[in-house]
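One structure below.
No hydrogens, no waters, no symmetry mates; every other heavy atom, side chains included, goes into these values. Numbered from 1 within each chain, the chains take letters A, B, ... in sequence-line order.
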Amino acid sequence: MRDSAEIIVSDALLEWYDRHAREMPWRIGPADRAAGMRPDPYRVWLSEVMLQQTTVAAVRDYFLRFTTRWPTVQALAAAPDEQVMGEWAGLGYYARARNLLKCARAVTQNYDGRFPDSFEALLNLPGIGPYTAAAISAIAFDRPETVLDGNVERVMARLHDIHDPLPGSKPLLKEKASALTPAIRPGDYAQAVMDLGATICTPKSPACGICPLRDPCQSRVAGTQTDLPRKTPKKPKPTRYGHVYVAQSADGAMVLERRPDKGLLGGMLGWPGSEWNDAPAERPPFPANWKMLSGEVRHTFTHFHLILRIWTTDAADHDIPEHLTVVDKHSFRPGDLPTVMRKAYDLWRGQ
DNA sequence: CATACGTGGAC
DNA sequence: TGTCCAAGTAT
């Protein structure tokens, strides 16, 4: 139930969106939209999964590479796991890539390659949560679902001057966002709020002077914009340490290890090594004359800092244990490694 | 409800 | 350099 004030806000947002919508590879143009066309659900799904906790700038090239290599959900479903993980390398949150494949295979097998259009059905697919289910349903299928992401949370908290901290305030913020969602163009409305949050109503220094919602915005009156949304404070990150072992055989092959599917960097290729903790024991993957490189790799994950020592040997033609993966010189691509492992490779190469 | 889960850019 | 943060999901 939208009252006149809510209609004014959503109309202002849509009008702003029509003038300022950013070009993105997964969007269709205004002319096609006006002609009643919808974007390809496969492309909407792929972009939304890539965009989870990830900026548009970081996603763009990955999206283009994925859709060039796998133009349809059936093509992606048929891809070998290691190719998809390699293509995802560097984008982070690797559970997304594992769930991406599970989802593509479920859609191919259970839905004949056509994504379901309802929020409920989408929510049951791997890697699709409340945000992504609503986004696909609204954007690809024109369903009146309301998305609640970080942008929408921020815009709603400021528009209504809500001081209750996240994540507890989510239900209230969702309620406010739902009240604004129009029956027509719900997908454009969703993208309009998110674009506004990404370009105007930014976390640090919002451009209130050019905001289409500057008149109805309550936090602008109160002067509380940059204090909102409030969030519960985060825990400090501990520092952990580790050893990794970079070995190359005489013919140029690299000795790597496929990490287990669960946990940090799950399913990705990496250098064998120690545990990562306060004081890890050295743990060479096979006996050899290992030398520690000078320098170290520093990397920060979501919840801890990591300092890695890099070891190498030029005598890697010993017996290589079965659980390791030997990748020949011409097949090895540093770009298939997650960033922390690529940093170790860079240090080794530059020794 | 809290925690695990990546990375790069902005300030 | 350190901290925050981004179109979140799974457990």
In whole Å, measure the gap between the P atoms of C:dT11 and B:dG6 for me. 14 Å
Can you tell me if A:His303 touches the phosphate of B:dC5, counting only side-chain N or O atoms and a distance under 4.0 Å to OP1 or OP2? yes
Taking any heavy-atom pair under 4.0 Å as a contact, classify A:Arg60: base, sugar-phosphate, or nothing. nothing
Report the distance from atom CG of A:Leu196 to atom P of C:dA6, rounded to the nearest whole Å. 14 Å
note: A:Ile307, atom CD1; C:dG2, atom C1'; distance rounded to Å ~ 14 Å
I need the CG-P distance between A:Leu166 and C:dG8, as an integer number of Å. 12 Å
Could you work out which one of C:dA10, B:dT7, B:dG8 sits closest to the side chain of A:Tyr94? B:dT7
Within 45° cone and under 6.0 Å: A:Arg259 NZ/CZ vs A:Trp276 ring: yes
For A:Pro167, answer base if it contacts any base atom (sugar-phosphate contacts may also be present), sugar-phosphate if it contacts only those atoms, and nothing otherwise; contact means non-hydrogen atoms under 4.0 Å. nothing
Any A:His299 side-chain nitrogen or oxygen under 4.0 Å from OP1 or OP2 of B:dG6: no
Separation of C:dA10 atom P from A:Asp261 atom CG, nearest Å, is 15 Å
Could you tell me whether the side chain of A:Thr54 has a donor or acceptor atom within less than 3.5 Å of a complementary atom in the base of B:dG6? yes
Winner on side-chain proximity to A:Leu264, out of B:dC5, C:dT9, C:dC5, is B:dC5
Please classify the nucleic acid contact of A:Met341 as base, sugar-phosphate, or nothing, using heavy-atom distances under 4.0 Å. nothing
Considering every strand and a 4.0 Å limit on heavy-atom distances, what is the contact class for A:Gly263: base, sugar-phosphate, or nothing? sugar-phosphate
Looking across every strand, which nucleic acid part, if any, lies under 4.0 Å from A:Gly90 by heavy atom: base, sugar-phosphate, or nothing? sugar-phosphate
Go through the N and O atoms of the side chain of A:Tyr93 and the base of B:dG6, and report whether any donor-acceptor pair is under 3.5 Å. yes
May I ask you to say what A:Leu91 touches in the nucleic acid, namely base, sugar-phosphate or nothing, with a heavy-atom cut-off under 4.0 Å? base
Counting only side-chain nitrogens and oxygens, does A:Thr339 get under 4.0 Å of the OP1 or OP2 atom of B:dG8? yes
Toward the 5' end of DNA chain B, by each residue's nearest nucleotide, A:Thr302 or A:Lys204: A:Thr302
Classify the side-chain pair A:Thr224/A:Asp161 by whether it contains a donor and acceptor separated by less than 3.5 Å. yes
Both A:Leu51 and A:Leu123 contact DNA chain C. Which one's nearest nucleotide lies toward the 5' end? A:Leu51
Reading DNA chain C from 5' onward, which residue's closest nucleotide shows up sooner: A:Arg298 or A:Gly127? A:Arg298
Given side chains that start at C-beta, do those of A:Arg258 and A:Glu82 come closer than 4.5 Å, heavy atoms only? yes
Reckon A:Arg22 touches a base, only the sugar-phosphate, or nothing at all at heavy-atom distances under 4.0 Å? base
Regarding A:Asp18 and A:Arg185, does a basic nitrogen lie under 4.0 Å from an acidic carboxylate oxygen? yes
Take a 6.0 Å sphere around NZ of A:Lys329 and say whether it holds more than 12 heavy atoms from other residues, nucleotides or ligands. no
Rounded to the Å, how far apart are A:Phe301 CZ and B:dG8 P? 11 Å
Exactly one of A:Trp26, A:Phe115, A:Phe63 should register a ring-ring contact (aromatic ring centres under 6.0 Å, His included) with A:Trp45. Which one does? A:Phe115
Under 4.0 angstrom, heavy atoms only, what part of the nucleic acid is A:Arg98 near: base, sugar-phosphate, or nothing? nothing
Has A:Gln53 got a side-chain N or O lying under 4.0 Å from the OP1 or OP2 atom of C:dA6? no
Of the listed nucleotides B:dG8, B:dT7, C:dC4, the one nearest the side chain of A:Val340: B:dT7
Counting only side-chain nitrogens and oxygens, does A:Arg96 get under 4.0 Å of the OP1 or OP2 atom of B:dG6? no
Check each residue of residues 223-238 of chain A for a non-hydrogen atom within less than 4.0 Å of any atom in DNA chain C, then write out the ones that pass by number, or none. A:Lys231, A:Lys234
Distance check needed: C:dC4 C1' versus A:His305 NE2, whole Å only. 12 Å
Any Lys/Arg nitrogen of A:Arg342 or A:Asp336 sitting under 4.0 Å from an Asp/Glu carboxylate oxygen of the other? no
Can you tell which of C:dA6, B:dC5, C:dG8 lies closest to the side chain of A:Thr132? C:dG8
A:Lys231 vs A:Asp164, test: salt bridge (charged side-chain N to carboxylate O under 4.0 Å, His left out). Steps then yes/no. CA-CA 8 Å; A:Lys231 295 184 179 181; A:Asp164 313 66; over 6 Å; no
I need the CZ-C1' distance between A:Arg259 and B:dA4, as an integer number of Å. 14 Å
Candidate pair A:Leu308 and A:Leu347, rule side chain to side chain contact (heavy atoms under 4.5 Å, CB included), full reasoning: CA-CA 11 Å; A:Leu308 234 36; A:Leu347 185 68; over 6 Å; no
Under 4.0 Å, counting only non-hydrogen atoms across every strand here, what does A:Val56 touch: a base, just sugar-phosphate, or nothing? base
Greater than 12 external heavy atoms within 6.0 Å of A:Arg65's CZ: yes
